[in-house]
Amino acid sequence: MTDATTDTNDGMALAADGTPLKRRLAQALFRSKLRALGLVTPLLLLIFFAFLVPILVFLTRGIHNDTFEVHMPSVSVELGQWDTTSEPTEAMYAALAADLILAKETKTIGKVASRVNRELSGTRSLFTKSARKAKKLEAPFKESLVALNKKWGDIEVWKALTIASKSWTPAYLASAVDLKYNADGSFERKSEERRIHLKLFARTLEISVIVTVMGLLLGYPIAFLLSTLPARTSNLLLILVLLPFWTSLLVRTTAWIAMLQSQGVLNDLFVVFGLAADEDRFSLIYNKTGTLIAMTHILLPFMILPLYSVMKTIPPTYVRAAKSMGASDWTAFWRVYFPQSIPGIGAGGILVFILAISFYITPALVGGEDGTMISNFIDFHMRKSLNWSLAAAMGGVLLTIVLFLYYLYDKIVGIDNMKLG
Amino acid sequence: MAATISGDGSVVFDRVQKSYDGEILVVKDLNLRIEKGEFVTMLGPSGSGKSTCLMMLAGFETATHGDILLGGRPINNIPPHKRGIGMVFQNYALFPHMTVGENLSFPLEVRKMGKDEREAKVKRALDMVQMIDFIDRRPAQLSGGQQQRIALARALVFDAELVLMDEPLGALDKQLREHMQYEIKHIHENLGITVVYVTHDQSEALTMSDRVAVFDDGIIQQLSTPSVLYEKPENAFVAQFIGENNTLMGTVQSVKGKMATVKLDSGAVMDALAVNCGESGSRTTLSIRPERVTVGGKATKSSADAKVLELIYLGDHIRCRMNVHGNDDFIVKVPNAADHTHLQVGETTTVSWGKEDCRALDA
């Protein structure tokens with residue numbers, strides 16, 4: 001063989017000069033790969049520093065909070081050796097007194113107080129008041145601290161301190177799924193009236209699924225129409241589908257308030273046509289119904305567009321062929337057209353579902369009591385209660401749920417079977 | 001099948017017209033009778049209305065006027081899925097989400113046929129096109145020619161009496177196309193079905209058909225067997241469209257019986273067979289097939305002086321482009337026989353033909 005490529009004994013193809021062909025190819029492609037990398041680098045850097053890193057940093061807050069350990073170092077060490085059941089020792093009280101003085105001096109006692117207050121409510125003032133008088137404390141510290149405030153003798157306070165002293169803690173994640181993390185490391189379900197998160201996750205999933213299904217039912221015929229009409233008409237209709245994107249999300253949501261409220265357009269029409277009594281109007285907004293209607297409308301284009309782009313690639317001859325073989329209109333649609341549109345359903349469904357599960361503005365404005373979603377709660381903890389760690393933990397749980405559903409979708413339908421355009 | 005009405009497979013188009021926009025007729029007054037077991041090809045350039053006719057027959061387009069009869073019954077108001085016509089589409093239209101076997105089984109399933117019967121019929125149809133080994137493949141795993149065979153088998157599997165084919169070989173390479181032409185022809189002969197075939201490839205039409213309907217401008221220009229179509233074209237369009245053709249323009253001087261005397265634009269006078277040339281004084285196109293022209297010979301009223309412009313060596317014959325009476329594209333085929341005339345570019349010679357081979361057609 002005097003060919004440019006020859007097979008050696010081990011079956012590796014060689015280039016003309018004897019180097020392995022694979023290496024030659026890699027060398028030849030290296031420059032173009034380098035250039036391609038250069039072009040995407042700015043975007044990669046932006047995504048990395050402005051998106052991935054902040055998200056990861058924030059998510060770690062859900063399992064890591066070192067407020068107590070940093071500002072109360074001595075007592076944290078002592079608490080780490082405590083068995084959480086025996087009486088707190090004099091050494092622990094002494095360390096606590098020293099840390100209270102330290103925290104007072106560094107003006108961090110407020111942070112520490114609110115941290116512990118999350119574990120056991122009503123302990124905020126215990127900290128702030130004690131810290132003010134900490135300098136006057138004398139040994140034995142156990143007696144003097146209990147004399148200062150008899151709560152210091154309560155073992156529950158010390159358990160709360162123990163939980164707060166662990167910087168790496170599953171407490172927030174547990175709280176996000178309605179579990180209580182105890183000082184001894186065990187979990188228990190929260191009391192009945194405090195179990196709100198799981199219900200909220202379930203409602204969020206329920207709303208997302210309903211919005212996705214409604215979007216599919218409403219969007220499929222429109223996408224079909226768009227894909228079958230002549231180009232001129234379908235382009236016009238497509239602009240109508242895209243029109244909502246030209247107005248802000250806030251405006252669209254507010255428009256639904258005007259439409260759906262009890263003195264709104266729709267209810268007025270119902271009254272005019274005698275479908276509802278004037279004094280007994282439908283409550284269509286500030287509840288789950290309102291959230292569902294507004295979200296379905298807002299997310300509909302995200303369902304229509306992937307469906308349309310897939311349907312446009314299905315040649316009409318398939319349906320014709322089916323009919324020529326004796327299939328009725330319905331059979332031809334169901335057996336031949338529909339299976340080929342599944343990639344669009346998958347893409348549109350996933351897109352709408354993932355957008356819906358983290359929807360925020362619309363449920364916040366029209367959701368009322370039973371129409372709020374998990375993102376509204378995350379926002380509450382971010383801005384109102386300032387419990388960022390719990391917010392991060394809830395966000396983490398939400399992300400896990402989405403990734404798990406994505407995994408399920410891949411197992412059942414197959415992710416390659418999805419076409420976005 | 002009771003649900004379908006393809007009957008004995010005969011087709012009649014009775015004064016059929018079709019317009020899409022209410023202004024232009026794409027099919028004008030179509031009258032065509034196709035007998036049971038016939039292989040009829042609709043041949044014509046794109047936009048000539050041939051595909052529209054096929055779609056009307058299949059039921060995907062409705063006739064604007066006139067009746068289409070299938071097995072003697074009018075079918076204008078019968079939806080496509082009740083017509084029981086097999087159809088092979090241009091791009092095969094094999095369902096990509098089904099295997100070959102499921103594709104073939106589909107028309108039998110919608111007819112509510114039992115599983116055993118279905119399997120037997122699918123197997124028989126695949127055997128017919130020698131594709132039984134591919135029963136579990138998906139269409140995307142097949143080559144163009146294999147897909148074509150499957151599409152053919154699928155149109156035949158439910159025993160339709162009438163099968164329509166819409167340029168089924170258009171996407172295949174030349175060699176495969178010729179092979180498939182013979183195969184389709186043999187299947188047609190073996191099964192005795194009626195086939196209506198649409199193509200724009202004239203050699204395909206001539207190879208396969210019992211009769212060919214040449215379409216142009218929404219009407220059938222000529223409907224006859226391939227040999228008549230080639231040898232006795234009735235008008236200039238057919239002469240030009242089927243096979244190679246030399247034309248000379250002129251004016252009819254007189255018509256005597258079957259023969260006409262034509263004065264060419266260059267001033268020369270020719271004898272020609274009066275086919276479709278009108279009376280004296282009307283314009284006419286003289287049509288002469290290249291293979292009927294001989295080089296050399298005496299000057300008569302069926303000959304002309306010719307200047308050789310180009311010679312192309314094609315092995316079995318030499319293709320010679322000449323100037324004859326002002327026509328620079330006058331083609332003559334000189335057979336590569338042992339004693340053939342050796343021509344030189346630039347040389348002037350005489351070309352002649354039998355006077356019946358020069359047909360005076362419409363202008």
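Note: hydrogens, waters and symmetry copies are ignored here, and every other heavy atom, side chains too, is used. Chain naming here is simple, since letters A, B, ... match the order of the sequence lines and numbering starts at 1 in each.
Partners of B:Asp201 according to the salt bridge (charged side-chain N to carboxylate O under 4.0 Å, His left out) rule, which considers only residues two or more places apart in sequence or in another chain, are B:Arg177.
The two residues B:Phe158 and A:Met325 come nearest to each other via the heavy atoms CE2-CG, 4.0 Å. Among all heavy-atom pairs drawn from B:Phe89 and A:Ala321, the shortest one is CE1-CA, 3.3 Å. Scanning both residues, B:His97 and A:Val336, for their nearest heavy atoms gives CE1-O, 3.5 Å. Here the closest non-hydrogen pair linking A:Gln340 and B:Pro96 is OE1-CG, 3.2 Å. Here the shortest heavy-atom pairing between A:Tyr318 and B:Phe95 reads O-CE2, 3.3 Å. Scanning both residues, B:Glu109 and A:Arg335, for their nearest heavy atoms gives OE1-NH1, 2.9 Å.
Heavy-atom neighbours of B:Tyr20 OH from other residues, nucleotides or ligands within 6.0 Å: above the threshold of 12. Counted within 6.0 Å of NZ on B:Lys185, heavy atoms from surrounding residues, nucleotides or ligands total more than 12; the atom is thus considered enclosed. The environment of A:Met214 atom CE is sparse: at most 12 non-hydrogen atoms of other residues, nucleotides or ligands sit within 6.0 angstrom.
Heavy-atom distances place the backbone of B:Leu94, and not its side chain, under 4.5 Å from chain A.
Of residues 38-67 of chain B, those residues lying under 4.5 Å from chain A by any heavy-atom pair are B:Met55, B:Phe60, B:Glu61.
Pairs passing the salt bridge (charged side-chain N to carboxylate O under 4.0 Å, His left out) check and including a residue from residues 132-142 of chain B, sequence neighbours excluded, do not occur. The salt bridge (charged side-chain N to carboxylate O under 4.0 Å, His left out) analysis of residues 143-157 of chain B, with sequence neighbours excluded, yields the pairs B:Arg149-B:Glu183.
The line from CZ of B:Arg83 to OG of A:Ser324 is 11.5 Å long, rounded to the nearest 0.5 Å.
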